[in-house]
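Here is the structure we will look at, set down as structure tokens.
One-based numbering along the sequence shown. Atom set for the values below is all heavy atoms of this structure, side chains included, hydrogens, waters and symmetry mates excluded.
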Amino acid sequence: MERYSRRTQVLAHDRHRRELLVVVSGCLEISSMSTHGRKYVNALLGPGQVAPLVRLLEDVPLPYDYHAHEDSVIIHLPSDAVIAVLDAEPVLWRDVAKLGLQRQRLSIVLLQNQMLNSIHGRVAATLMSLVHFYNGQGPGTGESDGGPLVRLSQNDLAAMLGLSRQTINKELGRLVEEGAIDMRYKRIRIVDAERLARIAAGI
């Protein structure tokens with residue numbers, strides 16, 4: 001178990017080390033950087049989430065970096081030790097397979113949205129995916145708080161969608177006007193998940 005300050009790189013000394021990362025608290029950012037210095041954020045994982053499952057495989061290229069999106073506690077699980085446990089109890093592989101398939105489905109949905117949806121729908125779909133990854137366990141989440149809360153700056157959201165910050169600001173403002181979200185400094189709260197889902201689906 002390791003504690004990381006905000007923006008600290010995880011696996012900084014050996015980014016290809018075959019370990020699974022389990023988020024205990026805080027948020028884990030999965031991202032990559034182009035040769036031109038352009039950042040792409042693939043996902044933000046909240047408490048209870050684990051990544052990257054691909055590290056259970058051998059000799060697989062690992063293109064992503066991992067950073068603590070906020071102050072975080074992360075458990076490092078050596079992949080070989082995890083595989084040994086799974087092989088000893090093969091039924092446990094079923095849950096790994098189900099999680100992998102869920103992640104694949106979400107990735108396909110996001111890719112489809114990127115290619116076919118409007119910018120407004122893409123922003124809504126991305127926020128919905130963030131709620132999924134936070135799994136209702138993000139800091140400040142709860143019914144008494146009015147809905148799931150995602151700690152995310154407009155710059156981070158722009159990096160996830162390949163859009164300008166100005167465009168993101170405009171689209172988030174529309175979602176606030178439509179009653180789907182509420183915004184504070186680096187905080188986005190989903191106040192009407194059904195409405196956000198309809199916008200994401202273009203309905």
Find out if a path of hydrophobic residues (ILVMFWY) with successive side-chain heavy-atom gaps under 4.5 Å connects [X] to [Y].
X      : Y     : value
Ile119 : Val41 : yes
Leu92  : Val22 : yes
Val73  : Val10 : no
Ile75  : Val54 : no
Leu99  : Leu77 : yes

Report yes or no: does [X] contribute a side-chain atom to a donor-acceptor pair with the main-chain N or O of [Y] at less than 3.5 Å?
X      : Y      : answer
Arg55  : Arg18  : no
Asp71  : Arg6   : yes
Ser5   : Thr8   : no
Asn117 : Ala200 : yes
Ser72  : Ile74  : no

Distance in Å, [X] [atom1] paired with [Y] [atom2], rounded so as to fall on 0.5 Å steps:
X      : Y      : atom1 : atom2 : answer
Leu152 : Leu130 : CG    : CG    : 6.0 Å
Asp65  : Ser32  : CG    : OG    : 7.5 Å
Leu44  : Ile30  : CG    : CD1   : 8.5 Å
Ile108 : Arg105 : CD1   : CZ    : 9.5 Å
Leu21  : Tyr66  : CG    : OH    : 7.0 Å
Ser31  : Tyr40  : OG    : OH    : 10.0 Å

Checklist line | Partner of Glu29 under side-chain contact (heavy atoms from CB on, under 4.5 Å), chosen from Glu70, Met160, His69 | finding: His69
Notebook entry, point to check: Under the criterion side-chain contact (heavy atoms from CB on, under 4.5 Å), which of Asp192, Val191, Leu196 is the partner of Leu175?
Noted result: Leu196
Item checked: Within-4.5 Å side-chain heavy-atom neighbours: Ile181 and Leu127 -> yes
Notebook entry, point to check: Side chains of Met183 and Leu172: does their closest heavy-atom pair fall under 4.5 Å?
Noted result: yes
Shortest non-hydrogen contact between [X] and [Y], atoms and distance:
X      : Y      : result
Pro47  : Gly26  : CD-O, 3.5 Å
Leu20  : Pro52  : CD2-O, 3.1 Å
Asp182 : Arg184 : OD2-NH1, 3.3 Å

Notebook entry, point to check: Would Asp156 and Arg7 satisfy salt bridge (charged side-chain N to carboxylate O under 4.0 Å, His left out), going step by step from the backbone distance to the final call?
Noted result: CA-CA 12 Å; Asp156 290 327; Arg7 298 302 185 188; 3.4 Å; yes
Next item on the list: Considering only NZ, NE, NH1 and NH2 on the basic side and carboxylate oxygens on the acidic side, decide whether Glu171 and Arg174 come within less than 4.0 Å.
Entry: yes
Check: For atom CD of Gln9, is the number of surrounding heavy atoms from other residues, nucleotides or ligands below 6.0 Å larger than 12?
Finding: yes
Check: Does a sphere of radius 6.0 Å around CZ in Arg15 hold more than 12 heavy atoms from other residues, nucleotides or ligands, not counting ones at 6.0 Å or beyond?
Finding: yes
Next item on the list: Could I get the full list of side chain to side chain contact (heavy atoms under 4.5 Å, CB included) partners for Arg17, not counting sequence neighbours?
Entry: Leu11, Asp14, Glu19, His76
Checklist line | Any pair counted as salt bridge (charged side-chain N to carboxylate O under 4.0 Å, His left out), so long as it reaches residues 109-119, sequence neighbours left out | finding: none
Margin query: Do Thr167 and Ser164 pair up side chain to side chain, a donor and an acceptor below 3.5 Å, judged on atom types alone?
Written below: yes
